[in-house]
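Here it is: the structure, laid out below.
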Amino acid sequence: MDATDLDYRARTRSGCIPPELVSRLLERGHVDVVEVQAGRGEWFCALAWARLLGEQGRQADALEVLAPYLATGWWTAVVAAAELLEGWGRVDEAIEITRVRMEAGHPMALESYTRLLARHGRAEEAFTLLRPHLGEPSLAEALVDVAGPAGRYEEAAALLTTRTEHQCSDFPWCCRGLDRDTAIGLLAMIRERQGRTDEAITLLRTGSTTLLNNCEQLAALLARHGRLDELRATAATDDSRYAVQRLARLLEERGDVEGAIAAYRQADRPVTHDPNWAFELAQLLVRHGRGDEAINVMRVQADARNGDDWILHTLSDLYLDQNRPEDGLVHLDALATARGGEEGWDLYWIRLPLIAARDRVDEAIAHARAHPEGTTWYAAGHIAELLAGAGRTEEAVAVLEQHASANSHDLAGYLIDLDRIEDALSLLQRRTPQQPELSGGPWHDDPPF
């Protein structure tokens, strides 16, 4: 077992049983399969099996399952084991295995180690360890988080203040670590936690008016403290969308649905100009039983941005949810005509669930196969989904088996549903050559760069 190989397979979900299919195995009663695979280098099986053993009070057995993975020094396994140990109340052991990796120089270990210390009464020690690393943004945030239980908010605030006073001469290259606006956001976080809300608001308003993190933080802060008038004023001038989102959510939580709708439909910046706001407005309308209005909102977007697949997909789903497949198909056909009548698969497949709802699955499949791209591997995935949704899993498998390597996860899932476990495992565990990393090597001025 090798840390590099484990990490590659876990990140790419290749040559292994991915977590969603481990869950599928367990849901269908194949616990024995998960147990066996846990001992054969299948990380997601090992993690699931260790958690199950822990829930059964078999903590020693759970740690034995993870031991070979821990022995590689793989950070993901260390984090998982520490979380289990902490959950079992074995805090000292969790701290120890994290400390070992920290002292070995793992770049992510210091943050995990210090947060763990702070959660268990050793916040001052954690603060002391983090203090020299203020220039690293993730560690600066950890410093702020541990400062509270350590009783050292003012010291942290003083450290951050020195950063807020610095003006970058060549942003972002001047401050490769903690820049001024990020420091302002962290300082505002401290002031809010101290109950000094007005100071926190003032700080965020003095930061960059274009930094999205600070805009989001200000909007969230105003919403948390019920500062409705200030949130309205911010939303009226905020181009980042965060204040509008927060205002609408706050009004909805307070039962003012019409006010929430109006927040998205501000007179000076109507929702018709922003598809993201339109999507959120549509979801709001659906939550309150106003699906037909939601369709109208997204129709405007589809007409204005004909060809944007996510908008057409959202509109199609809305028609389907409102049991209006015929209307949905009429609109999609009209949009296709406006585009010249020819549709690539990336847009065509969106109509398939509507056809299935109107004319049954076989008609939708016939349309899919008649498309010029209907025999491709990516079309096979959509056809199989229609078949499986109609309870015709064996037919779905037959479709996907023609493109097994490109649809391995979907195919394996259906094979598990049919209790063809060995076939599923054989498919998932096929190893492909590891691709070279895209970064980390020497730089060149000439191709290949």
Side-chain angles (χ1 to χ4, degrees), residues 7 11 75-76 78-79 82-83 98-99 101-119 122-194 196-197 199-222 224 238 240-243 245-246 437-440:
D7 191 64
R11 283 189 296 105
W75 176 242
T76 299
V78 173
V79 170
E83 288 177 353
T98 311
R99 182 192 63 77
R101 292 304 294 148
M102 180 190 70
E103 292 182 350
H106 193 282
M108 298 173 66
L110 178 59
E111 181 179 353
S112 293
Y113 179 66
T114 50
R115 288 186 180 279
L116 186 55
L117 288 177
R119 286 197 297 272
R122 296 168 62 179
E124 286 196 38
E125 182 181 348
F127 187 93
T128 300
L129 286 168
L130 287 167
R131 196 180 187 281
H133 301 278
L134 182 69
E136 300 173 49
S138 64
L139 297 180
E141 186 172 346
L143 179 79
V144 169
D145 289 339
V146 306
R152 298 172 75 172
Y153 267 150
E154 284 306 322
E155 185 176 349
L159 291 169
L160 289 166
T161 298
T162 62
R163 292 278 177 163
T164 67
E165 294 169 349
H166 171 69
Q167 294 288 345
C168 286
S169 58
D170 185 23
F171 184 81
W173 309 114
C174 175
C175 292
R176 292 180 178 273
L178 186 67
D179 63 87
R180 176 178 180 270
D181 286 307
T182 303
I184 286 174
L186 292 172
L187 182 55
M189 194 181 297
I190 289 176
R191 294 311 183 207
E192 184 189 4
R193 291 175 183 178
Q194 290 178 311
R196 296 158 64 174
T197 306
E199 290 181 54
I201 292 171
T202 300
L203 278 165
L204 291 171
R205 291 196 187 282
T206 60
S208 171
T209 57
T210 60
L211 190 69
L212 294 183
N213 286 346
N214 284 4
C215 292
E216 183 176 17
Q217 187 178 347
L218 174 61
L221 187 155
L222 293 171
R224 275 195 299 274
D238 174 31
S240 72
R241 296 183 21 244
Y242 293 121
Q245 288 175 328
R246 290 289 181 172
E437 295 291 339
L438 295 178
S439 62

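Each residue takes its place number in the sequence, starting with 1. Model, not experiment: these values are computed from the prediction. Side-chain atoms are counted along with the backbone in the values below, which use heavy atoms only and exclude waters and symmetry mates.
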Inset, instruction - Please confirm whether the backbone N or O of Ile184 pairs with a side-chain atom of Asn214, one donor and one acceptor, at under 3.5 Å? - result: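 Not a single qualifying donor-acceptor pair exists.
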Legend entry - Straight-line distance of Trp75 CH2 to His106 NE2, nearest 0.5 Å: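 Here the interatomic distance stands at 6.0 Å.
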Inset, instruction - Can you measure from CG (Leu203) to CG (Asp181) and round to the nearest 0.5 angstrom? - result: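 Between atom CG of Leu203 and atom CG of Asp181 there are 11.5 Å.
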Legend entry - Residues Thr128, Arg152; criterion side-chain contact (heavy atoms from CB on, under 4.5 Å); working and verdict: CA-CA 10 Å; Thr128 300; Arg152 298 172 75 172; 3.4 Å; yes
Inset, instruction - Using modelled atom types only, decide if a donor and an acceptor are shared between the side chain of Arg180 and the backbone of Thr164 within a distance under 3.5 Å. - result: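 At least one qualifying donor-acceptor pair exists.
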Legend entry - Glu111 side chain near Glu141 side chain, heavy-atom distance below 4.5 Å: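 No; the side chains remain at least 4.5 Å from each other.
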Legend entry - Separation between CG of Leu187 and CD1 of Ile190, rounded to the nearest 0.5 Å: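 Answer for the CG-CD1 pair, Leu187 versus Ile190, is 6.0 Å.
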Inset, instruction - Please report the closest heavy-atom contact between Ala126 and Leu117, naming both atoms and the distance. - result: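 Taking Ala126 first and Leu117 second, the nearest heavy atoms are CB-CB, 4.1 Å.
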Legend entry - Distance-minimising heavy-atom pair for Ala150 and Ala123: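 Nearest heavy atoms, Ala150 then Ala123: N-CB, 3.5 Å.
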Legend entry - Test item: Arg193 and Val144 side chains (from C-beta on) under 4.5 Å apart, heavy atoms: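 Touching, per the 4.5 Å side-chain cut-off.
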Legend entry - Separation of Glu216 CD from Arg246 CZ (nearest 0.5 Å):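 That separation rounds to 6.5 Å.
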Legend entry - Listed partners of Ala200 passing side chain to side chain contact (heavy atoms under 4.5 Å, CB included), at least two apart: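 By the side chain to side chain contact (heavy atoms under 4.5 Å, CB included) rule, Ala200 matches Ala188, Arg191, Glu192, Leu221.
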Inset, instruction - Kindly write out the residues that satisfy side chain to side chain contact (heavy atoms under 4.5 Å, CB included) with Leu159, not counting sequence neighbours, or none if the list is empty. - result: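 Here the qualifying residues are Arg131, Leu134, Leu143.
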Inset, instruction - Supply the atom-to-atom distance Met189 CE to Gln217 CD, rounded to the nearest 0.5 angstrom. - result: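 Going from CE on Met189 over to CD on Gln217, the span is 5.0 Å.
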Inset, instruction - Could you grab the distance from atom OG1 of Thr98 to atom CZ of Arg115, nearest 0.5 Å is fine? - result: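 One finds 13.5 Å between OG1 of Thr98 and CZ of Arg115.
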Legend entry - Pair Gln194-Glu154, side-chain hydrogen bond (donor to acceptor under 3.5 Å, both in side chains): steps then yes or no: CA-CA 10 Å; Gln194 290 178 311; Glu154 284 306 322; 2.9 Å; yes
Legend entry - Which residues share a side-chain hydrogen bond (donor to acceptor under 3.5 Å, both in side chains) with Glu199, sequence neighbours left out: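 Here the qualifying residues are Arg196.
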Inset, instruction - Taking Thr114 for its side chain and Leu110 for its backbone only, find out whether a donor-acceptor pair lies under 3.5 Å. - result: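 Yes; judged by distance alone, with no hydrogens or angles, the pair exists.
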